[in-house]
Amino acid sequence: MFLPFLTFLFVLVASPLSSSALPKGLPEEFYQRNVFYAGGKYNFDPIGNRTILVHQIYVEQLTPLHGKTRRYPIVFFHGGGVSGTQWLNKPDGNRGWASYLLGKGYEVFIVDQWSVGRSSSTDVGAAPLISGGGVELAEVAFTAPELYNNYYQARFHTQWPGNGTRGDPAFDAFFATFLPLSLSPLFQNISRTSTCALLDRIGPSVFVSHSYGGQGVFLATDGCPSLVKGHVAFEADQTPFGNYDAGTVGATTPAPSRAWGIADVPVSYDPPVADPSQLIRAPVGQNQFTDGKLSNYSCVLQAENATQTPRKLVNIAKAPVLFLTTQASVHVLYDHCQVSYLRQAGVKVTFTLLEKVGIFGNGHFGMLEKNSDDIARYFERWIRRNIR
């Protein structure tokens with residue numbers, strides 16, 4: 001009689017529920033869990049007169065209870081100012097994308113990017129931390145852009161659970177996940193190295209990234225292209241050579257950033273680039289307005305004319321990309337710039353505006369919104385059809 005009891009107890013432990021009580025929708029998938037750290041190196045700390053381990057990243061490994069049935073695992077890469085918890089449960093208590101993909105037979109690896117959460121940095125001098133954002137940013141950019149109407153598409157946001165403002169239970173649960181992060185070039189180099197160390201351990205994988213996490217995946221693809229089978233980029237990162245973060249409050253020009261096109265650190269081009277000044281830039285398009293509100297940004301790409309041929313992202317181009325953009329996030333104003341840059345550089349990109357495939361009303365954190373399973377269903381089908 002003890003074996004059934006122990007099996008029942010194991011299932012309960014292996015399937016943790018949200019702190020907001022039982023999920024309201026589909027139950028969590030059962031899984032086995034393992035945790036480990038990838039990457040890192042020993043480094044002498046002269047201030048403390050000691051040797052410490054630095055640059056390692058926390059990894060959570062979830063395996064379907066009855067075994068995986070898919071060839072390649074999924075590696076989740078979260079966005080800036082949050083952690084890997086965004087893939088586990090939604091702020092309304094329902095299951096997240098990790099559980100959805102476990103149910104489809106995938107083994108899942110959830111990373112806390114270096115400097116964040118359980119991958120906190122001990123090298124705080126070289127990689128200073130900044131706040132992950134305040135309530136004001138969270139409301140205007142993520143959970144309730146429709147209340148501020150700073151860009152035209154914001155009015156279409158309908159999928160956040162609750163009213164998206166401070167004091168609402170779902171908002172408070174979401175905002176509690178915000179953490180400090182580092183935006184230094186050191187972060188980008190360490191992210192590339194530590195992620196490749198993870199892939200050396202687990203083998204070829206498919207990435208699902210969000211926002212700032214997209215840059216980390218592109219850098220990992222550059223560093224170890226043979227181990228990246230594909231990349232689902234959900235509103236991944238930002239625009240080439242610039243940053244439109246202030247677009248959520250109506251800014252019309254980008255802040256200079258990403259001198260190497262998709263990063264602030266060197267990436268592999270063909271012909272090779274020794275200095276980012278060799279990437280000849282050219283403005284493309286114009287800002288557009290609808291009903292007096294900004295609705296589309298211009299881009300800066302590589303120059304392409306009779307005398308200039310765009311350089312190719314020779315390693316990043318080895319992995320296909322599904323780039324997803326929602327109907328109501330500020331990313332719908334500028335994600336086309338990132339996609340154009342990648343295609344210009346030889347990367348095979350499938351660009352999907354979710355409203356074009358019948359998925360409406362989402363903002364930047366679509367994986368936490370009411371119809372998140374619809375998005376997961378769409379990209380999981382792409383993985384099955386395109387990753388061999």
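Quick note: numbers below take in every heavy atom, side chains included, and nothing from hydrogens, waters or symmetry partners.
If you check the side chains of Tyr31 and Glu29, you find no donor sitting under 3.5 Å from an acceptor. Side-chain contact of Ser329 with Glu235: a donor-acceptor pair under 3.5 Å is present, judged by distance alone. No donor-acceptor contact under 3.5 angstrom links the side chains of Thr193 and His55, judged on distance only. For the residue pair His331 / Gln153, no side-chain donor-acceptor distance below 3.5 Å is found, with atom types taken as modelled.
Annotation: cation-pi pair Arg384/Phe379 absent, no NZ/CZ under 6.0 Å from the ring centroid and within 45° of its normal. Stacking of Arg70 on the aromatic ring of Tyr106 is recorded, both the 6.0 Å distance cut-off and the 45° axial limit being met.
Between Ile74 and Ser205 there is no side-chain heavy-atom pair separated by less than 4.5 Å. Between Arg192 and Val265, the closest side-chain pair of non-hydrogen atoms falls below 4.5 Å. Counting heavy atoms from C-beta on, the side chains of Leu279 and Arg311 come closer than 4.5 Å. Residues Arg201 and Phe36 form a side-chain contact, since some pair of their non-hydrogen atoms from C-beta on lies under 4.5 Å apart.
For the residue pair Pro27 and Ser99, the shortest heavy atom distance occurs at O-OG, 4.3 Å. Residues Met367 and Ser372 share a closest heavy-atom pair of O-CB, 3.5 Å. Across every non-hydrogen atom of Asn287 and Ser298, the tightest pair is OD1-N, 2.9 Å. Listed here is the closest heavy atom pair of Ser340 and Leu301: CB-CD1, 4.0 Å. Of all the heavy atoms in Leu181 and Gly80, the pair that sits closest is CD1-CA, 3.8 Å. Scanning both residues, Cys196 and Gly223, for their nearest heavy atoms gives SG-C, 3.7 Å.
The aromatic rings of Phe171 and Phe175 lie parallel to each other, with less than 30° between the two planes, well short of the 60° mark.
Between atom CG of residue Asn34 and atom CZ of residue Phe109 there is a gap of 8.5 Å, rounded to the nearest 0.5 Å.
Trp160 has its ring centre less than 6.0 Å from the ring centre of Phe174. Checked against a 6.0 Å centroid threshold, the rings of Phe76 and His210 do not count as neighbours. For Phe234 and Trp97, the gap between ring centers is short of 6.0 Å.
Within a 6.0 Å radius of NZ in Lys41, no more than 12 heavy atoms belonging to other residues, nucleotides or ligands are found. Heavy atoms of other residues, nucleotides or ligands lying less than 6.0 angstrom from NZ of Lys68 number 12 at most. Within 6.0 Å of CZ in Arg381 there are more than 12 heavy atoms belonging to other residues, nucleotides or ligands.
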Please list, one pair per line, the donor and acceptor atoms closer than 3.5 Å that link side chains of residues 211-218 to other protein atoms, with sequence neighbours excluded.
residue: Ser211; atom: OG; partner: His364; partner atom: NE2; Å: 2.9

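Taken together through direct or relayed side-chain contacts under 4.5 Å among Ile, Leu, Val, Met, Phe, Trp and Tyr, Val273 and Ile316 form part of one hydrophobic cluster.
Partner Asn362 forms a side chain to side chain contact (heavy atoms under 4.5 Å, CB included) with one of Thr325, Asn371, Leu324, Thr158 and no other, that one being Asn371.
Residues that satisfy the side chain to side chain contact (heavy atoms under 4.5 Å, CB included) test with Val349, not counting sequence neighbours, are Val321, Phe323, Val339, Leu342, Arg343, Val347.
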